[in-house]
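Below: the structure, in C-alpha cells.
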Protein chains: 2
Amino acid sequence: MPTSKDVAALAGVSQSTVSYVMTGKRPISEKTRLRVEAAIEQLTYRPNAGARALASRKSQVIGLVIPITPEVHLGSIMEFVAVIAATARRFDHDVLLVTDQEGNQGLERVVGQQLCDGLILMQVQADDERIPVVRKLGVPVVFIGIPNDSTGLNCIDADFARAGELCVEEMAGAGHTNGVIIGWRPRLVGSRLNYVDRFLGGANAAAERLGVSLEHLPATSDRRSIEAAVDSCIAASQGMPAFVSPDVTVLELLPRILHEKGLEPGRDASVIGVGPVPDTMLALEETTILDIQPSLVSQHAVELLLRLMTADHPDAGGTLELIPPLVTHRHGTAGHSVPAPQSAS
Amino acid sequence: MPTSKDVAALAGVSQSTVSYVMTGKRPISEKTRLRVEAAIEQLTYRPNAGARALASRKSQVIGLVIPITPEVHLGSIMEFVAVIAATARRFDHDVLLVTDQEGNQGLERVVGQQLCDGLILMQVQADDERIPVVRKLGVPVVFIGIPNDSTGLNCIDADFARAGELCVEEMAGAGHTNGVIIGWRPRLVGSRLNYVDRFLGGANAAAERLGVSLEHLPATSDRRSIEAAVDSCIAASQGMPAFVSPDVTVLELLPRILHEKGLEPGRDASVIGVGPVPDTMLALEETTILDIQPSLVSQHAVELLLRLMTADHPDAGGTLELIPPLVTHRHGTAGHSVPAPQSAS
DNA sequence: AGTTGTAGTCGATACGCTTCAACGATACGT
DNA sequence: ACGTATCGTTGAAGCGTATCGACTACAACT
C-alpha cells in the first residue's frame with residue numbers, strides 16, 4: 001500500500017504538502033497540486049483511515065444503532081439502514097453497525113474507542129434507557145423516534161400526529177361523519193414505542209375538532225372481525241363508512257368487503273392506508289395513501305448529525321424535527337378521483 | 001479520554017506492559033496484571049481504535065456489502081445483516097456497512113483505506129462483476145451466494161439444490177406422483193441470482209429419479225390462477241396433489257382452497273413451504289416447512305471470514321459451504337402427523 | 001527604501017498504540 | 001559454582017497521517 005510519503009516522493013514535494021492537497025486546509029499552487037494529484041492517481045493512493053483518525057481525531061464514521069427486537073418489521077429497519085448508509089457516503093462518511101443487543105455498553109464502547117464521531121439511534125422509545133447514557137456521551141447523537149422528554153436531545157421522526165390528523169381531515173373533507181381506525185398491533189398501543197399513540201392522539205384531536213366520530217380497533221387479520229367492523233361502521237355512518245389502516249392485509253381486504261356489500265371505495269366509502277409504503281401497497285388502487293417517508297427521515301437524520309458534528313459549539317438546545325407525511329389520493333377517498341400525488345404542507 | 005499511558009502511570013508499570021495485558025501476547029505476572037486491570041477499570045480506559053489499527057495493521061472490522069437493488073426483499077437482507085453484526089461482535093469485531101451502489105470502487109476504497117480486514121458480499125450473482133476485483137483485493141472475502149465459477153473463492157449459501165430435492169422426496173415419501181412448484185418470482189428464474197435455478201435443478205433431478213411428475217408455475221398472488229393450478233394438479237394426481245411454494249401469500253391461500261375442494265392437507269394433500277421463515281409462516285399449521293436458515297448462513301459466513309483472516313497463509317483453494325435446509329413437519333405432508341422439528345442431514 | 005502581508009512550501013512533532021530487542025531476575029541443568 | 005533457558009518487564013522505534021510554526025518569495029502598501 002502506498003503512503004502519502006510515497007506520493008510526496010513521486011511528486012517531488014514534502015509529505016505535508018500532500019496532506020494539504022488532500023484536505024485543502026492550506027493554499028496550494030495549481031502547478032504542484034496537479035503534480036500531487038497525478039502521483040496520487042498513479043499510485044492509487046488512499047489515505048490510511050487509522051492514521052488519519054489518530055492524527056485528526058475524526059474517524060469519518062457514524063455509528064448506527066439498530067434494534068434487534070422482533071417487535072419491528074425487519075424490512076422497515078432495512079430501509080432506514082440502506083438510506084442512512086447511502087446518505088452518509090454522499091458526505092464522505094461511512095457507517096458502523098452497532099446492534100442493540102450490546103445495549104448501553106455498545107454505545108460507550110464505540111464512542112470510547114473513537115470508532116465513530118457520532119451516533120444515530122433507531123427505534124427510540126418513550127422512556128428510552130439509553131437517554132441518560134447518551135446525555136454524557138460526548139459525541140453528537142440523533143434519535144429516530146421521539147422520547148417523552150426530548151429536551152436537549154436531537155430527535156427526528158415521521159410526524160405521526162399530523163398523519164392521524166390528516167386521515168381524519170380526509171374523512172371529514174369527503175363528507176364522512178364516522179370512521180374506523182383498524183389494524184395497529186395491539187402490543188404497540190400504549191407501549192413504549194409511542195408512534196401509534198402519537199398517531200391516535202392526532203386523529204382523535206382532529207375528530208373532536210371536526211365532529212367526526214372515530215372508533216379504534218386493534219389489529220386482526222381475521223376476516224370476520226373486519227367484516228363486523230365494516231358492518232357497524234356502515235350502520236353508524238348511514239352508508240358512508242371510512243377506514244384507516246397501517247396493515248397491508250387489512251387494506252387488501254377492505255375494498256373487496258366493501259364491494260361485496262355494494263359500496264364503492266372512492267364514491268360511497270373511503271379507505272386510507274398509513275405507513276411505510278412497500279410495493280404491495282402501491283398496488284392498492286382504491287386506497288388513499290399517507291406515506292410516512294422513512295427514507296426522508298433517514299436522510300434528514302444523517303444530515304442533522306453531520307451538521308452537529310461539524311458545529312464547534314457543543315450542541316445547544318437540541319432539535320426536534322418532524323417529517324410530514326406524503327398524501328397520495330388514488331381513488332381511495334370519497335370525492336377525490338384524481339390519482340395525482342400531492343404533498344402535505 | 002484516558003490513554004494507555006495514563007493506565008500505565010496509575011498502575012506503576014510501563015506503557016508496553018499495559019499493551020501486553022490487553023493483547024495477552026506476552027506473559028504477565030498475576031500481580032501486575034491485576035493492578036493494570038484495576039487501573040483500566042478505574043479510568044474506563046478503551047484503546048483508541050485508530051491508533052491500534054495503525055500500529056497493528058488490523059482494524060478489527062469486517063466490511064459488509066449490502067445490495068440496494070429492489071430485487072430482493074429488504075426484510076431478508078436485514079436478517080443477514082443483524083446476525084452478521086451480532087456474530088462479528090461475539091468475536092470482538094465490528095461491522096462496516098458498504099452499499100452496493102458504490103460498486104467495485106467501494107470495495108477498493110474500504111480495503112485501500114484499511115477500514116476493514118475482510119469483506120462479506122451478499123447477494124452474489126452467477127456472473128458477478130465484483131469477482132475479478134475481489135480476486136486481487138488482498139484481503140479475505142466471503143461470498144454469500146454461489147457464482148458460476150467459484151474456484152479460489154470462498155462461498156457460502158443455503159443448499160437450494162438440496163432443498164429442491166428434499167421437497168420432492170417429501171412428496172414421493174407421502175405417496176404423491178404429481179407436484180406443483182408455485183410462486184418463485186418469474187424475474188428470478190433463469191436470472192443472475194441463481195438460487196431459484198439451483199432449487200429447481202435439485203427438484204427436477206429428484207423428480208426424475210423418483211418418478212414424480214413436476215410442474216412449475218411462476219409467482220402469482222392471483223387467487224384464480226392458483227385455483228386453476230390446484231384443479232389441474234388434482235386431476236393429474238388422482239386426488240392427491242402436492243404443492244411447494246416460497247410465497248407466504250400462496251401458502252396461506254392453498255390450505256383454504258384445498259379445504260373448499262374437500263381435501264385436507266396432511267391427509268389427501270401436501271403443502272410445503274420453502275425459504276426464510278418469517279413469523280407469519282410459522283402460523284401456517286398445515287404446512288411442512290423447509291427453512292433455508294439465513295441466520296445460520298450468516299453466522300457461518302462470519303466464522304469462515306474470521307478463520308481466513310487469522311490464517312497467515314494467503315488462502316489456498318477456496319471454500320464452498322452449503323447449509324442444509326431444516327425440515328419441519330407440521331401436518332403439512334400427507335402421511336406425517338407429528339409436528340416435531342427434524343433436521344435434514 | 002522599508003514595512004507589512006500573503007501565498008506556497010517544508011520540517012518537525014504529536015496522535016496512541018503494537019512490537020521488537022534487550023535487560024534483570026529467577027529457575028534449571030550439569 | 002557456572003552457563004543456559006525462561007519469565008516478566010522495559011525503552012524505544014515505528015505505524016501514516018494532520019497540523020503547527022517557520023521560512024521563502026514576491027506583491028502591496030507607506
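Naming convention: chains lettered A, B, ... in sequence-line order (proteins, then strands); numbering from 1 in each chain.
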Under the side chain to side chain contact (heavy atoms under 4.5 Å, CB included) rule, what do B/Leu115 and B/Arg109 come out as? Steps first, then yes or no, please.
CA-CA 9 Å; B/Leu115 272 165; B/Arg109 184 178 64 81; 4.1 Å; yes
Are B/Gln299 and B/Thr87 linked by a side-chain donor-acceptor pair shorter than 3.5 Å?
no
Which of these, A/Ile144, A/Val141, A/Ile120, A/Leu107, sits in a side chain to side chain contact (heavy atoms under 4.5 Å, CB included) with A/Val65?
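Of the listed residues A/Ile144, A/Val141, A/Ile120, A/Leu107, the side chain to side chain contact (heavy atoms under 4.5 Å, CB included) partner of A/Val65 is A/Leu107.
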Can you spot which of A/Val83, A/Ile84, A/Val142, A/Val95 makes a side chain to side chain contact (heavy atoms under 4.5 Å, CB included) with A/Val302?
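Only match with A/Val302 under side chain to side chain contact (heavy atoms under 4.5 Å, CB included): A/Ile84.
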Indicate yes or no for a side-chain donor-acceptor contact from A/Asp117 to the backbone of A/Gln60 under 3.5 Å, with no hydrogens or angles considered.
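Looks like yes, one N/O pair under 3.5 Å.
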Filtered N/O pairs between nucleotides 14-16 of chain D and protein, under 3.5 Å:
unit_1, atom_1, unit_2, atom_2, d
D/dC15, O3', B/Arg57, NH2, 3.0
D/dG16, OP1, B/Arg57, NH2, 2.9

If you write DNA chain D from 5' to 3' in dot-bracket form, with Watson-Crick or G-U pairs under 3.5 Å, [ ] for crossing pairs and | for pairs with another strand, what do you get?
..|||||||||||||||||||||||||||.
Could you go step by step and tell me if A/Ser298 and A/Ser295 meet the side chain to side chain donor-acceptor pair (under 3.5 Å) rule?
CA-CA 5 Å; A/Ser298 311; A/Ser295 66; over 6 Å; no
What residues from residues 9-33 of chain B pass a heavy-atom cutoff of under 4.0 Å to DNA chain C?
B/Gln15, B/Ser16, B/Ser19, B/Tyr20, B/Thr23, B/Lys25, B/Arg26
Taking CG from B/Leu115 and P from D/dT17, how many angstroms apart are they, rounded to a whole number?
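These atoms are roughly 13 Å apart.
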Flag the pair B/Glu37 / B/Leu34 as yes when at least one side-chain heavy-atom distance between them is below 4.5 Å, and no otherwise.
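B/Glu37 reaches B/Leu34 side chain to side chain.
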Closest non-hydrogen atoms of B/Gly145 and B/Asp157, given as atom of the first, atom of the second and distance, are CA-OD2, 3.3 Å
What are the two closest non-hydrogen atoms of B/Ala11 and B/Arg35, and how far apart are they?
O-NE, 2.9 Å
Would you sort out whether B/Met309 and B/His93 count as a side chain to side chain contact (heavy atoms under 4.5 Å, CB included), showing the intermediate values?
CA-CA 12 Å; B/Met309 277 164 40; B/His93 280 250; 3.4 Å; yes
